[in-house]
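Pasting in a structure now, in structure tokens, and then I'll have a few things to ask.
As the structure lists them, so they are numbered: ligands from 1, and atoms in each ligand from 1. Residues take their numbers from the sequence shown, with the count starting at 1.
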Amino acid sequence: MTALLTRDAAGLPAAPVRLVHLGLGAFHRAHQAWWTAAVDPDNEWGIAAFSGRNPGAAEVLARQDGLFTLVERGPQRDLPQVVPSIVQAIEGARVDRLAELVAAETTVAVTMTVTEAGYGLQPGSPLARLVAALRARYRAGGAPIAIVPCDNLPGNGAVVRAALLELADADLEQWIEGSVSFVSTSVDRITPRLADADLDIAERLGGLADRAPVITEPFRDWTLSGAFPAGRPPWELAGAKFVDDIAPYEKRKLWLLNGAHSLLAALGQLRGHELVAQAIIDPVCREGVIEFWAEARRAIDDESLGLDAYCAALLERFENPRIRHELAQIALDAETKLRLRIVPVARAERAAGRGADGCARAIAAWCALVGGRVEGLDRDLAADTGFMSTVSAELAVMQRSRA
Ligand code: CS2
């Protein structure tokens, strides 16, 4: 039997903890954990990562001392590597450990991937846990720190700042305003949930036994805007971009990639597909994406962003036949996602006096698939009779072809 992937077996000593992460999913491991490892030849930047929606994730990874195999799956081949940057994998409910690690002066930043729907303020939520941990840092001397949300929400730094200030009492509020920096980021790397058939991928590729491998696409992108008052890994050495104005990059990613994903998730499943790679070669779905992109590109309205090349690359990424990206996974939390990915484009098109037919089709597909209601999505669009009649017409076509 192959030995289990551990630091001893792999000869990979743990770096000291300098970063804390909330949300130990596959995406974090393919993105921030990969990025940190890629720029850390001297083993200086360890991550303590807390599990989110899936508590079991910490346990499996802890048994491997935080190590996992990341397989970059291109259209032709698999490229595996062991990622050593996560040095502690901790159950999310351990708020005591979170407070201790965030209070440590050696910790320079807290990154987060808690999903778009994970930014609520209720007790026990990631933000409620984070505010308690920041209070511990404030009490321990109050060294400055950066908070770095990495979910697909526009202005995610400002969103988290407003939320934490709402949760904080007066003293803490003042300290947060003076000493906590909020960094907005746009993140990109298509990383589907692992299929059961791939659980032994690391061993098949000649590695140690790994119960927590991650499969991702070769492409990656990370754009950040904001200060790191206590320092950070030199992520730019592996291609991260630091910019003053993140808004255009966010729109490009959120509307063109994620918007198309949400459209494919609904329309593709209605048409009987299971995976992104299947839906994107169905002419009806592809036409839908192209039409929606034309609308989104008008709303982005920034030719310096190279949108032709970006969309051409997106088609290739979606078509990668070796990436099993389930439409059902993308369809989770659809209402929140459509509100961020499709609604702003629809509103911009309608305000400019255009039909927004591509957006209407995406929304109609969601209505047809799960019985969603435009009223719950956006009041203004629901009150826009022209738009609603397009949605109804699209919906009727979809229901007819389904019956
Ligand atoms: C997807 C994203 O599940 C979804 O909603 O649209 O996870 C997408 O794969 C990533 O944002 C790619 O960077």
Problem - Per-atom contacts of ligand 1 with Arg189, taking only distances under 4.0 Å to non-hydrogen atoms - result: 12 (C), 13 (O)
Completion exercise
Per-atom filter on ligand 1: closer than 4.0 angstrom to a heavy atom of Asp188 are 12 (C), 13 (O)
Exercise for the section: Using distance alone, determine whether His261 and ligand 1 share an N or O pair under 3.5 Å. Expected result: yes
Practice task
Indicate whether any N or O donor in one side chain lies under 3.5 Å from an N or O acceptor in the other, for Thr223 and Ser186.
Solution key: no
Exercise for the section: Measure centre to centre between the rings of Tyr310 and Trp293, then say whether the value is under 6.0 Å. Expected result: no
Practice task
May I ask whether atom 7 (O) of ligand 1 is less than 4.0 Å from at least one protein heavy atom?
Solution key: no
Handout entry: Region of Asn152 that comes within reach of ligand 1 [heavy atoms, distance under 4.0 Å]
Key = side chain
Exercise for the section: Would you name the heavy atoms of Leu153 and Glu250 that are closest together and state the gap between them? Expected result: O-OE2, 4.4 Å
Exercise for the section: List every atom of ligand 1 that sits less than 4.0 Å from any heavy atom of His325, numbering the atoms from 1 in the order shown and giving each element. Expected result: 9 (O)
Exercise for the section: Check each heavy atom of Lys337 against ligand 1 and say whether those closer than 4.0 Å belong to the side chain, the backbone, both or neither. Expected result: side chain
Handout entry: Arg317 N/O under 3.5 Å from ligand 1 N/O
Key = no
Practice task
Return yes or no for this condition: an N or O of Thr191 is under 3.5 Å from an N or O of ligand 1.
Solution key: no
Exercise for the section: Could you tell me whether Phe318 and His261 have their ring centroids closer than 6.0 angstrom? Expected result: yes
Exercise for the section: Using a 4.0 Å heavy-atom cut-off, say whether Arg341 meets ligand 1 through its side chain, its backbone, both or neither. Expected result: side chain
Handout entry: Asn258-ligand 1 polar pair, N/O distance under 3.5 Å
Key = yes
Problem - Test: Arg189 cationic atom under 6.0 Å from Trp34 six-membered ring centre, within 45° of axis - result: yes
Exercise for the section: Quickly, which of Asn156, Val110, Thr185 forms a side-chain contact (heavy atoms from CB on, under 4.5 Å) with Pro149? Name it, please. Expected result: Asn156
Problem - Donor-acceptor side-chain pairing of Asn320 and Glu217 below 3.5 angstrom - result: no
Problem - CD-CG distance between Glu335 and Leu377, expressed to the nearest 0.5 angstrom - result: 6.0 Å
